[in-house]
Number of protein chains: 2
Amino acid sequence: MLKRRLQAFTRLSEDDRASIDHLSGKCVREWGAKRDLIHEGDRPRSVFVMLEGWACRYKQLPDGRRQIVAFFIPGDLCDMEIYILKAMDHSVGTLTNVRAAEISHHDFDQLMLDHPRITQALHWDMLVTVAVQREWTLNIGQRTAYERLAHLFCELFMRLRTVGLANGDTRDFPINQTDLGDATGLTTVHVNRMLQDLRRDGLIELHNRQLRLPNLHSLMDAAMFTPNYLHLDHEGRSIDANS
Amino acid sequence: MLKRRLQAFTRLSEDDRASIDHLSGKCVREWGAKRDLIHEGDRPRSVFVMLEGWACRYKQLPDGRRQIVAFFIPGDLCDMEIYILKAMDHSVGTLTNVRAAEISHHDFDQLMLDHPRITQALHWDMLVTVAVQREWTLNIGQRTAYERLAHLFCELFMRLRTVGLANGDTRDFPINQTDLGDATGLTTVHVNRMLQDLRRDGLIELHNRQLRLPNLHSLMDAAMFTPNYLHLDHEGRSIDANS
DNA sequence: CGGGTAATTGACCCGGGTCAACAGCAGTGG
DNA sequence: CCACTGCTGTTGACCCGGGTCAATTACCCG
């Protein structure tokens with residue numbers, strides 16, 4: 001999956017891909033839902049490559065208010081960068097059961113030294129991560145509740161496709177309404193109501209942890225979504241319309 | 001200023017500092033207030049080092065709603081990273097008159113090649129930028145209007161200090177209420193009212209583009225501000241209480 | 001069948017938005 | 001020196017998107 005994700009940016013050699021596979025299989029661990037992989041204040045340790053399940057970065061205020069600031073889906077890297085820093089400024093927690101590969105800093109550094117194209121792809125990955133964070137700031141700061149949710153669905157829909165977790169116009173989407181609320185700065189109750197509106201308008205279908213977007217174009221319009229900030233317009237990109 | 005900022009992270013050699021000074025003086029340009037240095041959709045060009053004045057990154061929705069996603073103050077770098085990407089996903093505009101040094105990618109790459117400590121410091125800078133972006137997401141997503149503004153003041157207050165733009169407990173603060181609103185996801189009217197509340201509570205004094213924080217500790221409490229996400233706890237950090 | 005999590009609903013409320021007018025003040029030109 | 005313009009800050013009246021609280025329903029899953 002990581003392979004797949006990086007190849008959205010650049011072509012990797014056989015050798016590059018083999019190295020990624022090797023590291024991704026070296027130390028695989030599992031977590032249940034709602035566990036912390038690492039907590040704010042901890043010293044950053046290893047790098048994780050998400051293999052299965054969903055996780056998130058989140059921050060919390062002293063009184064308990066919680067903001068999810070990013071979602072991790074399979075193929076995503078957690079915190080590769082952070083290891084220069086002394087302490088985590090946020091937590092990473094699972095949302096579902098998660099399988100992930102833990103990679104030591106040493107192995108990770110070595111990977112980058114040996115594979116310049118991977119290094120470049122990782123740099124791209126970091127830039128995209130920041131771009132997404134900026135888009136979230138816009139999303140929460142300016143869009144209405146209805147638009148925010150629509151936008152989030154568009155984004156995740158596209159991201160899931162680029163790592164191959166696509167099935168026509170539907171995707172596994174194992175996120176509950178509380179987490180959607182924490183990600184969009186809304187309450188569960190209001191998320192529920194807006195989902196109903198989105199359903200009524202024929203823009204989403206969401207049952208049994210399955211998300212179907214029957215009319216992606218209209219949804220994008222409603223969300224004022226443009227995929228430019230995901231920066232998928234690169235040589236290695238596999239352009240396959242809807243799979 | 002850039003020097004100063006990077007030295008918050010690591011000690012630079014005489015030579016490092018000289019090179020930064022050299023590049024920062026090489027091609028200095030000026031802009032009036034409310035001009036765009038670069039606009040969403042443009043191909044990223046050079047790197048800018050802010051020398052004087054304030055600028056911001058912002059994004060806009062098709063209907064005109066505008067979100068400032070970051071402030072640039074002297075010493076900040078704009079878009080050093082972006083040049084791998086094909087098109088800007090946001091704009092950079094001035095808020096006041098601005099003087100900045102424009103550095104070509106070539107010169108910039110060369111600087112990094114020749115000065116590993118600078119490279120590392122720039123990497124740190126990028127990580128801090130993302131961390132700030134995450135904090136903004138939390139700020140807008142979870143804090144109330146009053147808290148949001150309080151938090152913004154704390155953050156900028158500290159950042160201004162680390163680049164030496166400090167004068168006891170007061171700082172130049174040339175930002176109008178509209179921009180404060182665009183940065184916090186609030187309307188001008190409401191910003192105005194919350195500023196009045198903050199003044200009434202003795203937490204801020206803001207006249208004539210001068211910000212004084214007579215009781216920083218209480219303001220931080222009110223904002224639930226912790227400076228951890230600025231990651232200033234490094235070897236090179238100049239620990240000077242309040243200057 | 002029981003217990004736990006997630007989704008849904010209704011009644012009510014409030015933080016913050018909207019709209020529109022007005023005041024203060026610096027700059028500019030006559 | 002003054003009228004004019006434009007920007008920024010301020011105020012008041014009113015409204016609405018979204019929050020709060022609390023109860024209820026639908027699902028799992030063992």
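Order of the sequence lines fixes the chain letters, A, B, ..., with proteins taken first and strands second; residue numbering starts at 1 for each chain.
- Here dT8(D) presents its C1' atom at 16 Å from NE2 of H207(B), a figure rounded to the nearest Å.
- For the OP1/OP2 pair of dA7(C) and a distance below 4.0 Å, the side-chain nitrogens and oxygens of N192(A) include no atom meeting the criterion.
- Under the 4.0 Å criterion applied to side-chain N and carboxylate O atoms, D76(B) and R159(B) are assigned as salt-bridge partners.
- For D63(B), the CG atom sits in a packed shell: over 12 heavy atoms of surrounding residues, nucleotides or ligands are nearer than 6.0 Å.
- One interatomic measurement links the two molecules: CZ of R200(A) to C1' of dT8(C), which rounds to 16 Å at whole-angstrom precision.
- Looking at heavy-atom distances under 4.0 Å, R199(B) makes contact with sugar-phosphate atoms alone, never a base.
- Atom CG in L195(B) sits about 11 Å away from atom P in dT11(D), given to the nearest Å.
- The distance between atom CG of D197(A) and atom P of dT8(C), rounded to the nearest whole Å, is 12 Å.
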Next on the checklist: Across nucleotides 12-30 of chain D, 5' to 3', mark each nucleotide with B, S or - according to how protein heavy atoms within less than 4.0 Å reach it.
Outcome noted: BB----BSBB---------

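- The shortest distance between the side-chain N/O atoms of Q196(A) and the OP1/OP2 oxygens of dT8(C) is not below 4.0 Å.
- The residues E205(A) and R199(A) are annotated as not salt-bridged, no charged nitrogen and carboxylate oxygen being separated by less than 4.0 angstrom.
- OP1 and OP2 of dG6(D) both lie 4.0 Å or more from every side-chain N or O belonging to K34(B).
- As rounded to whole Å, 16 Å separates atom P of dC7(D) from atom CD of Q177(B).
- In this structure, CG of N176(A) is placed 12 Å from P of dT8(C), rounded to the nearest angstrom.
- Between R134(A) and D89(B), at least one side-chain nitrogen of the basic residue sits less than 4.0 Å from a carboxylate oxygen of the acidic one, meeting the salt-bridge criterion.
- Between Y229(B) and H151(B), the ring planes lie parallel to each other; the angle is under 30°, not in the 30° to 60° tilted range.
- Aromatic ring orientation, H39(A) versus Y58(A): perpendicular (interplanar angle above 60°, classes split at 30° and 60°).
- Contact between the side-chain N/O atoms of R209(B) and the OP1/OP2 oxygens of dA26(C) is not found at any separation under 4.0 Å.
- Using a cutoff of 4.0 Å between basic side-chain nitrogens and carboxylate oxygens, R35(A) and E30(A) are not scored as salt-bridged.
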